[in-house]
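For clarity, every value in this text was computed on a predicted model and none was experimentally measured.
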Amino acid sequence: MAENQPSTLKSYIDSATGKAQEALGNLTGNTGDRAKGELREENARAEHDASHATAKVPGGAISGSGAAVRDDPNRTEGTWNQTVGSTKEAVGNLTGNEVFSPWLWMRRSELVANTIAKSLKQAGREQNLEGQSQEAKGQLKDFGSGAADRAQGALGSAVSGLTGDRAEQVRYDQLRAEGKTQQRSAEHDIQKQAEAERRH
């Protein structure tokens, strides 16, 4: 693992070490150990946050380590289909009723307009649901491939480090960073959707 990249695992280890050092300082009355422990815990929290930092950009994400990845096309297309479907559904709502119930006194043009509005609303609802499914498939694919690349990169980097192959270690570190970014990107979108559902 590259030394300059933030690591969630390292943040957990540093946090535990900081807690132990702080506890030792409390037991012995050594304010220096207590302060060093607290500082180590603060640094561990900052590293943890940095290891989770991912900036979403249209069609992809960039991590704090500088790794840039593209989202699975299903995520982008699914979001687009949801937007278009919601728009169609809203226009259908504005222009007519959901339930088609022609009255005998309706003129033919009113009957056609009501049918179009119903069709537009139904088509929008179907496209929105299709988009949600499509986006979820893309998120699942990105999460899974990101986790796999992350694991392969971590293992490859460790083996390369043991064998002294610095070029391979750098290559595997990059694979791990890209996998982590892909995984965090999918997590970000999934969490955002869950928060939106909780608000409704």
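Taking NE2 of H188 as the start and CD of Q183 as the end, the distance is 14.5 Å to the nearest 0.5 Å. Of the inter-residue distances, the one linking Q127 atom CD with T83 atom OG1 reads 9.5 Å to the nearest 0.5 angstrom. One finds the CZ atom of R40 at 10.0 Å from the CD1 atom of I13 (value rounded to the nearest 0.5 Å). Once rounded to the nearest 0.5 Å, the distance linking CZ of R184 with CZ of F143 reads 8.5 Å. One finds the NZ atom of K137 at 13.0 Å from the CD atom of Q132 (value rounded to the nearest 0.5 Å). The line from CG of D72 to CD of Q139 is 10.0 Å long, rounded to the nearest 0.5 Å.
Residues A68 and I62 approach most closely at CB-CG1, 4.1 Å, considering heavy atoms.
Legend: salt bridge (charged side-chain N to carboxylate O under 4.0 Å, His left out) pairs involving residues 16-39, not counting sequence neighbours, sorted by first then second residue: K19-E41.
Ionic pairing of R125 and E89 is present here: one or more N-O contacts between side-chain nitrogen and carboxylate oxygen are shorter than 4.0 angstrom. Looking at E168 and R171, a side-chain N of the basic residue comes within less than 4.0 Å of a carboxylate O on the acidic one, giving a salt bridge.
Annotation: side chain of L129 is not in contact with side chain of Q82 (no heavy-atom distance under 4.5 Å). Under the 4.5 Å side-chain criterion, counting only non-hydrogen atoms from C-beta, D149 is not in contact with Q182. By the 4.5 Å heavy-atom criterion applied to side chains, E187 and Q191 are not counted as neighbours. For the pair D142/D71, a side-chain contact is recorded, criterion being any heavy-atom separation below 4.5 Å from C-beta on.
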- For Q152 and L175, run side-chain contact (heavy atoms from CB on, under 4.5 Å): C-alpha distance rounded to whole Å, both residues' side-chain angles, the deciding distance at 0.1 Å, then the answer. CA-CA 8 Å; Q152 181 183 1; L175 179 64; 3.8 Å; yes
- Query: Where do E135 and R75 land on the salt bridge (Lys or Arg N to Asp or Glu O under 4.0 Å) test, with the steps shown first?
  - Reply: CA-CA 4 Å; E135 184 181 24; R75 291 172 67 183; 5.8 Å; no
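Every side-chain contact (heavy atoms from CB on, under 4.5 Å) that S86 has, sequence neighbours left out, goes to N128.
Using a 3.5 Å distance cut-off with no hydrogens or angles, the side chains of Q174 and E178 do pair a donor with an acceptor. Side chains of N93 and K121: a donor-acceptor N/O pair is present below 3.5 angstrom, by distance only.
S185 places no side-chain N or O within donor-acceptor distance of the main-chain N or O of T181, the cut-off being under 3.5 Å. Proximity of a side-chain donor or acceptor of S133 to a complementary backbone N or O of E130 within less than 3.5 Å is not detected.
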